Amino acid sequence: MTFLGETKLAIYRNSEMTMYYPEELASETWPCDVRIDSGTIVVSYRSDDGPVVYRGTEIEPGHFKLTATEVVTGRATLHRFGDDESFDGRWYENGQVGMWQIDLAELA
């Protein structure tokens, strides 16, 4: 777990990201990479339009606000409690909204 101001680098390659859409019963699952370092987080994945990168900062321990400005324009939140192996949050991307869950893989 990363705490506000902590300088420990954690990289989770091949994590699993599930996107939920409010108007659809189905969800989409994609591989993603998650990097947490010194109160920052980077989530990257490949979409049909190319690589998407969300970058953000920790606003409280385990709680992040993120933005994406390349390939898609978006903002998101992610929350992790204690030593959970997953993040949950909301996303707003190119006029769409939804929720997402990231199940972290083993540390790289």
Side-chain angles (χ1 to χ4, degrees):
M1 182 168 140
T2 301
F3 292 99
L4 196 60
E6 186 177 336
T7 60
K8 183 180 178 183
L9 173 64
I11 299 173
Y12 303 90
R13 297 195 194 288
N14 296 313
S15 294
E16 186 174 271
M17 176 182 67
T18 304
M19 306 283 276
Y20 300 95
Y21 302 89
E23 315 254 327
E24 300 176 24
L25 294 177
S27 58
E28 296 180 8
T29 302
W30 294 317
C32 70
D33 293 338
V34 178
R35 177 183 170 145
I36 304 169
D37 187 21
S38 300
T40 63
I41 189 169
V42 177
V43 177
S44 56
Y45 62 94
R46 180 162 288 284
S47 74
D48 294 338
D49 298 322
V52 175
V53 178
Y54 275 86
R55 299 178 197 284
T57 56
E58 192 171 33
I59 55 172
E60 290 187 30
H63 302 278
F64 295 85
K65 284 188 176 181
L66 303 88
T67 58
T69 57
E70 299 173 20
V71 180
V72 299
T73 300
R75 66 186 197 280
T77 60
L78 282 172
H79 309 280
R80 179 179 177 195
F81 297 95
D83 289 331
D84 284 353
E85 295 182 6
S86 66
F87 281 96
D88 297 293
R90 294 183 176 268
W91 55 265
Y92 308 87
E93 187 175 284
N94 293 342
Q96 295 185 324
V97 298
M99 297 181 71
W100 59 344
Q101 177 179 346
I102 298 175
D103 294 316
L104 299 173
E106 294 294 319
L107 279 169

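Bear in mind the structure is a predicted one, so any value in this text is a computation, not a measurement.
Under the 3.5 Å distance criterion, with hydrogens and angles disregarded, no donor-acceptor pair is assigned to the side chains of E85 and Y12. Inspection of the Q96 and N94 side chains reveals no N or O donor paired with an N or O acceptor under 3.5 Å.
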Given T73 and E93, is the side chain to side chain contact (heavy atoms under 4.5 Å, CB included) satisfied, shown in steps? CA-CA 6 Å; T73 300; E93 187 175 284; over 6 Å; no
Side chain to side chain contact (heavy atoms under 4.5 Å, CB included) evaluation trace for V53 with V42: CA-CA 7 Å; V53 178; V42 177; 3.7 Å; yes
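When side chains are defined from C-beta on, L66 counts as touching L78, because their heavy atoms get closer than 4.5 Å. Put simply, the side chain of S47 reaches to within 4.5 Å of the side chain of V71, judged on heavy atoms. Using a 4.5 Å heavy-atom cutoff, the side chains of S15 and D103 are not in contact. Counting heavy atoms from C-beta outward, Y20 and Q101 have side chains that approach closer than 4.5 Å. Looking at V34 and L104, their side chains come closer than 4.5 Å, going by heavy atoms from C-beta outward.
Residues passing the side-chain contact (heavy atoms from CB on, under 4.5 Å) test with T69: none are found, sequence neighbours excluded. Applying the side-chain hydrogen bond (donor to acceptor under 3.5 Å, both in side chains) test to S27 and every residue at least two apart in sequence or in another chain returns nothing.
A donor-acceptor pair is defined here as one N or O able to donate and one able to accept, closer than 3.5 Å; no such pair exists between the side chain of T57 and the backbone of T40. E58 places a side-chain N or O within 3.5 Å of a backbone atom of G62 that can act as its donor or acceptor partner. Under the 3.5 Å distance criterion, the side-chain polar atoms of W91 are matched with a main-chain donor or acceptor of M99.
With rounding to the nearest 0.5 Å, the separation of OG1 in T77 from CZ in R75 is 10.0 Å. Here the straight-line distance linking atom OH of Y45 with atom CD of E16 works out to 14.5 Å at 0.5 Å rounding. Summarising the geometry, atom CZ belonging to R13 is positioned 8.5 Å from atom OG belonging to S44; distances are rounded to the nearest 0.5 Å. Separating the CG atom in D84 from the NE2 atom in H79 is a distance of 13.0 Å, to the nearest 0.5 Å.
Note: the hydrophobic cluster containing V72 also contains F64 (ILVMFWY, side chain heavy atoms under 4.5 Å, direct or indirect links). The same ILVMFWY cluster, assembled from side-chain heavy atoms under 4.5 Å apart, contains both W30 and I41.
Checked against the 6.0 Å centroid threshold, H63 and F87 do not count as a close aromatic pair. For W100 and Y21, the ring centers sit 6.0 Å or farther from each other.
The two atoms that bring D37 and R35 nearest to each other are OD2-NH2, 4.0 Å, heavy atoms only. Scanning both residues, Y54 and A76, for their nearest heavy atoms gives CE2-CB, 4.0 Å.
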